[in-house]
There are 2 protein chains.
Amino acid sequence: MLFAEQAVTSSDKTFFQLRKAIVEGEIAPGTKLSETELSTKYGVSRAVIREAINRLETCHLVERKANIGARVVSLSPAGLIELYQVREALEGMAARLAAKHMSDAEISDLRALLNQHFEKVQDGQSYYQEAGDLDFHYRIIQGSKNQHLIAMLINGLYHLVRMYRVQLGMAGPRVTTAFDEHRQIVNAIANRDGELAEMLMRRHILYSKNNIEHKLLSLSKERDKA
Amino acid sequence: MLFAEQAVTSSDKTFFQLRKAIVEGEIAPGTKLSETELSTKYGVSRAVIREAINRLETCHLVERKANIGARVVSLSPAGLIELYQVREALEGMAARLAAKHMSDAEISDLRALLNQHFEKVQDGQSYYQEAGDLDFHYRIIQGSKNQHLIAMLINGLYHLVRMYRVQLGMAGPRVTTAFDEHRQIVNAIANRDGELAEMLMRRHILYSKNNIEHKLLSLSKERDKA
DNA sequence: CAAACAAACTTTGTCGACAATATAGTGAGC
DNA sequence: GCTCACTATATTGTCGACAAAGTTTGTTTG
């Protein structure tokens, strides 16, 4: 991955493993995270499990209560909407700042990335939604050069968004249209038009929200039938 | 305090103590936080200190590096600007959502709070900037009813803002004008005019940023002279 | 039979000790 | 005199055990 986080300590490794397991649904939403159980399962002491759980909590992937324990967050339509509302504001802002602060080199790199994605999409690889889209957003977030913004989005919301997507099985009819949106955003950034970049990004995320919301709705309808 | 956080565990207590010490400058920015030292100082084990430090890290009040340790964040003009940029976006959004989601009762409560503040300001109590302003923002953030937004602002940015204010010795010539701004914001919310509420809030924070930035600048000028 | 109390059990919170890593200091070699 | 390597020291990371709080189960009582 491009912006690699590398595990130096044992807690890091356990944290990454747990995060992956949660995001990818291996550990279901709402599951209680037992410290002793996890410590035997991952072959580490409870201390590192506790540390990992703490970090999962700061990602908003689990909720902890004193003397009771931690549970994986449960997803809900309301939660999704709240999440995307915040994302819209923050990533819109990121796009605006990126138009101001990204270097020409970074922008042309971003363009190159987009072209790569385009080829892969044409090859019919569903790769796009998985890593590509995320890389794109990653780069713009980083391009904002605002540390608070970066921390909030990357450490905070980002993995939660992934979790929703994975859990709802987003493969994506939106792939091609999303691609065009990405291209427009890059153009706006290249033109140093922050206002437009923000607006396009907000709209992009709004569409994305509508799309995923629709999926969520049809899923719940199926559930009602059964 | 209104939205009281209460310490149930020993880590909670230590966390609150440390946070207070950092925000109020008792522990200077940039200071290394030695686990052993703190554990003897506060009379608790290193485990609870570690937990407390972890939580300080999620508040962005300290920065931790693996195998090296934690330091209190250092303040800088650039950091301040980044912080207020994010605040502007998020609290602006909070105001817009508050106009939509706050109940009539909550709004009249907020008005009452504002009147209280007004009386205290007239009495010449500098109380305002300290708790009052914060309570006001607190309530609007809570009024947004967006859990992600609330978590980010209250657990994340909020105490950092306080830290900047305290460190810069903000007593506030802006008190009275800020008060008017607050009143206008409440009016917009009461009228259920989200757009206006957002705009007024953004502007309020922008002014606040300019004010504090100016202070920061004159401080650094004094430092250059000496 | 339901509700409330009590005891056993499970789980989290806290502790002190040991292991691994970084830092500082010292000496040898060039 | 400077640099590099090695040692010594201090600090963080990890561990298993104990304490405290919560949960469950079983019993007793109205």
Side-chain angles (χ1 to χ4, degrees), chain A residues 4-22 26-74 151 155, chain B residues 4-22 26-74 151 155:
Chain A
E5 322 158 283
Q6 57 183 354
V8 13
T9 172
S10 176
S11 297
D12 292 343
K13 211 164 50 177
T14 310
F15 166 61
F16 291 141
Q17 287 178 327
L18 274 175
R19 190 179 64 186
K20 190 168 188 290
I22 291 173
E26 192 184 318
I27 302 177
T31 307
K32 168 91 189 287
L33 292 180
S34 161
E35 294 181 2
T36 53
E37 189 186 323
L38 290 174
S39 100
T40 59
K41 182 175 175 185
Y42 287 89
V44 291
S45 86
R46 266 185 59 219
V48 341
I49 295 291
R50 278 177 74 82
E51 172 120 8
I53 289 181
N54 278 334
R55 289 165 69 180
L56 289 171
E57 195 188 10
T58 78
C59 295
H60 304 265
L61 288 175
V62 313
E63 283 166 356
R64 241 183 97 195
K65 281 177 190 164
N67 285 315
I68 291 179
R71 308 194 84 89
V72 177
V73 295
S74 341
N155 300 323
Chain B
E5 321 158 284
Q6 58 182 353
V8 12
T9 172
S10 176
S11 297
D12 291 344
K13 211 164 49 179
T14 310
F15 166 61
F16 291 141
Q17 287 178 326
L18 273 174
R19 190 179 63 186
K20 189 167 188 289
I22 291 173
E26 192 184 318
I27 302 176
T31 308
K32 168 91 188 287
L33 293 179
S34 161
E35 294 181 3
T36 53
E37 190 187 321
L38 291 174
S39 100
T40 58
K41 183 174 175 184
Y42 287 89
V44 291
S45 86
R46 266 185 58 218
V48 340
I49 295 291
R50 279 177 73 81
E51 173 120 6
I53 289 181
N54 279 333
R55 288 165 69 179
L56 289 171
E57 194 189 9
T58 78
C59 297
H60 304 267
L61 288 175
V62 313
E63 283 167 356
R64 240 183 98 195
K65 282 178 189 163
N67 286 315
I68 292 179
R71 310 194 82 90
V72 177
V73 295
S74 343
N155 300 322

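For clarity, every value in this text was computed on a predicted model and none was experimentally measured. Every chain is numbered from 1 and lettered A, B, ... according to where its sequence line falls, protein lines coming before strand lines.
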What is the distance from atom [atom1] of [X] to atom [atom2] of [Y], rounded to the nearest 0.5 Å?
| X | Y | atom1 | atom2 | result |
| --- | --- | --- | --- | --- |
| Leu61(B) | Ile22(B) | CG | CD1 | 5.5 Å |
| Phe15(B) | Ser10(B) | CZ | OG | 13.5 Å |
| Leu56(B) | Leu18(B) | CG | CG | 5.5 Å |
| Gln17(A) | Tyr42(A) | CD | OH | 6.0 Å |

Sidechain-backbone polar pair: Arg71(A) side chain, Glu63(A) backbone, donor-acceptor under 3.5 Å: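 A pair under 3.5 Å: no.
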Residue closer to the 5' end of DNA chain C, Val48(B) versus Gly69(A) (nearest nucleotide):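 On the 5' side of the pair lies Gly69(A).
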5' precedence on DNA chain C between Gly43(B) and Thr36(A) (nearest-nucleotide basis): Thr36(A)
Residue-level proximity of residues 8-19 of chain B to DNA chain C when a heavy atom falls under 4.0 Å: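 Heavy-atom contacts with DNA chain C come from Thr9(B), Ser10(B), Ser11(B).
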Outermost nucleotides of DNA chain C that come under 4.0 Å of a non-hydrogen atom of chain A: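 Endpoints of the contacted stretch of DNA chain C: dT11(C) to dT14(C).
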Below 4.0 Å: OP1/OP2 of dT12(D) and any side-chain N or O of Lys32(B): yes
Ser74(B) versus Gly30(B), closest heavy-atom pair with distance: OG-CA, 4.2 Å
Closest non-hydrogen atom pair between Arg46(B) and Thr36(B), with its separation: CD-CG2, 3.8 Å
Arg50(B)/Glu51(A) salt bridge by N-O under 4.0 Å criterion: yes
What protein N or O atoms touch nucleotides 18-25 of chain D N or O atoms at under 3.5 angstrom, if any, and at what distances?
none

Sugar-phosphate, base or nothing in reach of Leu33(A), heavy atoms under 4.0 Å: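 Sugar-phosphate contact only.
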Length of the line joining Glu35(B):CD and dG13(D):C1', which is rounded to integer Å: 8 Å
Rounded distance in Å - CZ (Arg64(B)) to C1' (dT11(D)):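 Atom CZ in Arg64(B) sits about 13 Å away from atom C1' in dT11(D).
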Val62(A) vs Ile53(A), side-chain contact (heavy atoms from CB on, under 4.5 Å): CA-CA, chis, key distance, verdict: CA-CA 7 Å; Val62(A) 313; Ile53(A) 289 181; 4.2 Å; yes
Crowding at NZ, Lys32(A) (>12 non-hydrogen neighbours, <6.0 Å): yes
Qualifying residue for side chain to side chain contact (heavy atoms under 4.5 Å, CB included) with Val48(B), from Thr9(B), Thr14(B), Asp12(B):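 So, applying the side chain to side chain contact (heavy atoms under 4.5 Å, CB included) to Val48(B) and each of Thr9(B), Thr14(B), Asp12(B), only Thr14(B) qualifies.
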